[in-house]
Protein chains: 2
Amino acid sequence: MTKPTPDPRHTLTLRDVSEASGVSEMTVSRVLRNRGDVSAPTRAKVLEAARALGYVPNKIAGALASQRVNLVGVVIPSLSNMVFPEVMTGISETLDGTGLQPVVGVTNYLPDREESVIYEMLSWRPSGMIIAGLEHSAASRAMLARAGIPIVEIMDIDGEPINHAVGISHRRAGRQMAEAIIAAGYRKIAFLGTRMPNDFRAKKRLEGFEEALAKAGLALVDSEFYSGGSALLKGREMTAAVLDRTPEVDFLYYSNDMIGAGGLLYCLAQGIDVPGRIGLAGFNGVELLDGLPRKLATMDACRLEIGRKAAQIIAQAPATSQVEELFPTLQPGDTIRRS
Amino acid sequence: MTKPTPDPRHTLTLRDVSEASGVSEMTVSRVLRNRGDVSAPTRAKVLEAARALGYVPNKIAGALASQRVNLVGVVIPSLSNMVFPEVMTGISETLDGTGLQPVVGVTNYLPDREESVIYEMLSWRPSGMIIAGLEHSAASRAMLARAGIPIVEIMDIDGEPINHAVGISHRRAGRQMAEAIIAAGYRKIAFLGTRMPNDFRAKKRLEGFEEALAKAGLALVDSEFYSGGSALLKGREMTAAVLDRTPEVDFLYYSNDMIGAGGLLYCLAQGIDVPGRIGLAGFNGVELLDGLPRKLATMDACRLEIGRKAAQIIAQAPATSQVEELFPTLQPGDTIRRS
DNA sequence: TCCTGATATGTTTGCGCTAACAGCCACGGT
DNA sequence: ACCGTGGCTGTTAGCGCAAACATATCAGGA
C-alpha cells in the first residue's frame, strides 16, 4: 500500500493484450471498440485477456489516431446556485445515449477565467461546446467560432449567438413579471439583486423590468444589491434594509429565488401581510421553494429543457445555426395578490 | 454563420505556426510552453504568429508525446446537494496554482455508473483521481489501484483506503451528536433521513448515532426515510409524519441540513417550542442555514478543507499513503437546549 | 589561434492507437 | 476448375506533439 502501483510493470498497452491473447493489436482494438467483424471465439479470448490484465484503453492515443473525441465542453459560471446543476442534469441525460460525455468548466463569472477555460477545453478538441451566456470576450468568440465544432450558447437569447443558442429572453421575463405585478395593483416597487457586474442575464431581467414599469409610468422606488455570502441570509438583510429605508414599498422583486426566499421568511417572521401589504417575486423556479411555508412567485427558467436541447444540438451537429427560444411560465405562487 | 468554421482551412497545427513565423515546430512548441531557452525576438515572432492565426495547441498530441496529462479526475455522487460544490471549490482553489485541472464525473450514487465513470476517466490517463467515499466495486478498486497515479478517497475515513484518504469519521460524528443530544436531556429521539442505500456516509452516521444511544440505554423511538424530491419539502413532510405518528418524540435527528431546515420551518410554523418541546439537528453545516429564522444545530463536514487537502495530496504525489482525519465541530445552534 | 561552454535552434524518433488497405480462407455458383 | 464474395485478421502509415539528442553560433579565456 506504499506505492499506488502494486506491480512493477509498465502501464498496459494494446500490445500487452495482443500478446496475452495471441492476436494482433488491431484485432484487440476492434474487439474493445465493437467495430468491424471479429469472430466470437476471438472476441471472447481478447475480452478475457483484457479483463485479466486489467487493461484500460488509452483514449489519448485513440483520439489522436481517430481524430475523434467523445467529449463535450460545458462552460458555466458557477455550480453553487442551484441553476446550473439542473442544466447539467439535462445535458447528461440527453448525452447519455450518444457516446458523448460532458466535461464541466467553471468560470466564477470572470471573463478572463472564461477565456482560459475555453482555451483549455478547446485544446482537447471536444466534439462540441456548450457555454452559458452570449457575452464573451472577443478572443473567446474568435476561438469558438473557428474551432470547427458545434457551439451552443445557453440560457439567454437576447443577443447575437456565435453559432447556436438555446434559452429564454430574460428581458422579456423581466417585462412579464413587471406587467403581472402592475396588473395586481402594486405601485411602489423595489428591486433586490446581485451586484455582480457580469451576471448579464440578471441585468437584462432588470432592464426589461424597468422598461415595463416605465411604460406604466412607474419607476423603482428603491433597490439594493449584494455580492457573496449566503443568499438566503442576504435576502433577509436586504429586505430589512429596504423596508426600513423605504417603508411605503409594496413589492419586492428579487433577482433570484434564494434571496427571495430569505426575504419571504423575513416578512413572515415580521408578521407582514404577504401578499396583502407587500408582494414578493423571485426568479428561477428552484425546487427549494416547494418547501417554504408560502409559495414565492417566480418564473421558471426552463433549465432542464435548456440542457436537453443544447445537448441535442451538439449530438446532431446540424449544418445550420439554430436559435431555440423557450418560454418561461410565470408562477404566481402565494406572494402576489390575485387580481 | 451557417457553418461553425468560418474558413475552409484544416485545423491549425504547430506546423502552421512554424511556417508563419519562420522557425521550426520545436521552437514554436518551446515558446508556447515557456520551456527551454528561446531568444526574445524569436519568442515575440512566434507569439504574434500564433495569436494572428488563432492557434490552439492540441493537448491530445502533447499528452501522448509527453506522457503527461494535467487533469485530475474528480468522481462525486451528485452536484445538487450543496456539499460537493463546496468540495469542488476547495479542489479548484488548491489546484489553481499547480497547472493541474479538475475534471468532474457524477455517479448519482450508482455503483455501476461509478465504475464506468472511473474507467472513462482513467482512459484519459489523468495525473490523479479524487473519489468520494471508500466503498467501490471490486473492479473499480482494482482499476484505481493499478493506475499508477495518486488516488484520494474523500469525505470518509471509516474504512480501508486504496491509497490516500481525507475526511471525517461519520461514525464518530453520529456518536458525538447523540452524546450531545443525550447530555441536553432529550430521550425520545427519532431519525429522519435519506433512503438511498448507497449513501454509506449517512448510514455510518446513523450507526454511530444508534451506538451512542444504546450505550446510554436508549433506542430510536421512530424513523422515517425518503428519496428524491425537494429536500426542504421532504423535511416538512417527514417531520409532520413523525410528529403525528409518535407525538411523544422530543428530538429529531436529520441526516442532512436541508431536510432539517424543512423540519425546522415546519415546527416553527406549527408553533412548536424549539428547542424546549422538541430539539432538532442536521448534518453538513451548509451556508443556507445562516438565513433561517433560527439556527439549526448541525455538524460541519469540513468540505472545503477536504477538497483542499485532497488536491494538495494529488499535487504533491507523496510516495507513501496518507490518511488525513479531519474533525468536524458540533454547532449547537438554537435547536438544542443548552445544558 | 584554438578550445570551452553557454545559448539558441533544428532533427529524429516515437508516444499508443486507429483508418485504410491488403491478405487469407472457405464457400458457392457457373 | 475458376472466380467472386464475404468473413475475418494482419500490415502500414500517420495523427500532432515533445523528449532526447544533434548542431550552429558566439563570447571569452588560455
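Per chain, numbering begins at 1; letters A, B, ... match sequence-line order. In this text the structure is predicted, and so the values were computed from the model without any measurement.
The side chain of B/Leu64 has D/dG16 as its nearest neighbour among D/dA18, D/dC8, D/dG16. Here the side chain of A/Met26 is nearest to one of D/dT11, C/dC17, D/dA18, namely D/dT11. Among the nucleotides D/dC8, D/dC17, D/dG10, the one closest to the side chain of A/Ser39 is D/dC8. With D/dG10, D/dA20, D/dC15 as the choices, the nucleotide that has an atom nearest any side-chain atom of A/Val23 turns out to be D/dG10. Distance from the side chain of A/Thr42 is smallest for D/dT9 among the nucleotides D/dT9, D/dA19, D/dA20.
Whole-Å rounding puts the A/Lys45 NZ to D/dC8 P distance at 14 Å. We find that CZ of A/Arg35 is positioned 17 Å from P of D/dT9, with the value rounded to whole Å. A straight line from CG of A/Leu32 to P of C/dC17 spans 9 Å, rounded to a whole angstrom. When rounded to the nearest whole Å, the span between CG of A/Asn58 and P of C/dG14 equals 18 Å. Between the P atom of D/dC17 and the CZ atom of B/Arg33 lies a distance of 11 Å, rounded to the nearest Å. Atom-to-atom, CZ of B/Arg68 to C1' of C/dC15 comes out at 13 Å; the value is rounded to the nearest Å. If you take CZ of A/Arg30 and C1' of D/dT11, they are 10 Å apart, rounded to a whole angstrom. Distance A/Lys59 NZ to D/dC15 C1': 17 Å, rounded to the nearest Å.
A salt bridge is absent between B/Asp37 and B/Arg43: the closest approach of a Lys/Arg side-chain nitrogen to an acidic carboxylate oxygen does not fall below 4.0 angstrom. Under 4.0 Å is where a charged nitrogen must lie from a carboxylate oxygen, and between B/Arg308 and B/Glu305 at least one such pair does.
Residue A/Ser24 places at least one side-chain N or O closer than 4.0 Å to OP1 or OP2 of D/dG10. In this model, the phosphate group of C/dG16 is approached by a side-chain N or O of B/Gln67 to a distance below 4.0 Å at OP1 or OP2.
Counting any heavy atom pair closer than 4.0 Å across all strands shown, B/Leu14 reaches sugar-phosphate atoms only and no base atom. Contact annotation for B/Arg125: no contact, since no heavy-atom pair falls under 4.0 Å across all strands.
Using modelled atom types and a 3.5 Å distance limit, the side chains of A/Thr89 and A/Ser92 yield no donor-acceptor pair. Side-chain contact of A/Ser29 with A/Arg33: a donor-acceptor pair under 3.5 Å is present, judged by distance alone.
In terms of position along DNA chain C, the nucleotide closest to B/Glu25 lies nearer the 5' end than the nucleotide closest to the other residue of the pair B/Glu25 and A/Ala63. Of the two residues near DNA chain C, B/Ala65 and B/Asp37, the one whose nearest nucleotide lies more 5' is B/Asp37.
Residue B/His136 is tested with B/Glu115, B/Arg141, B/Glu114 for a side-chain hydrogen bond (donor to acceptor under 3.5 Å, both in side chains); the sole match is B/Glu114.
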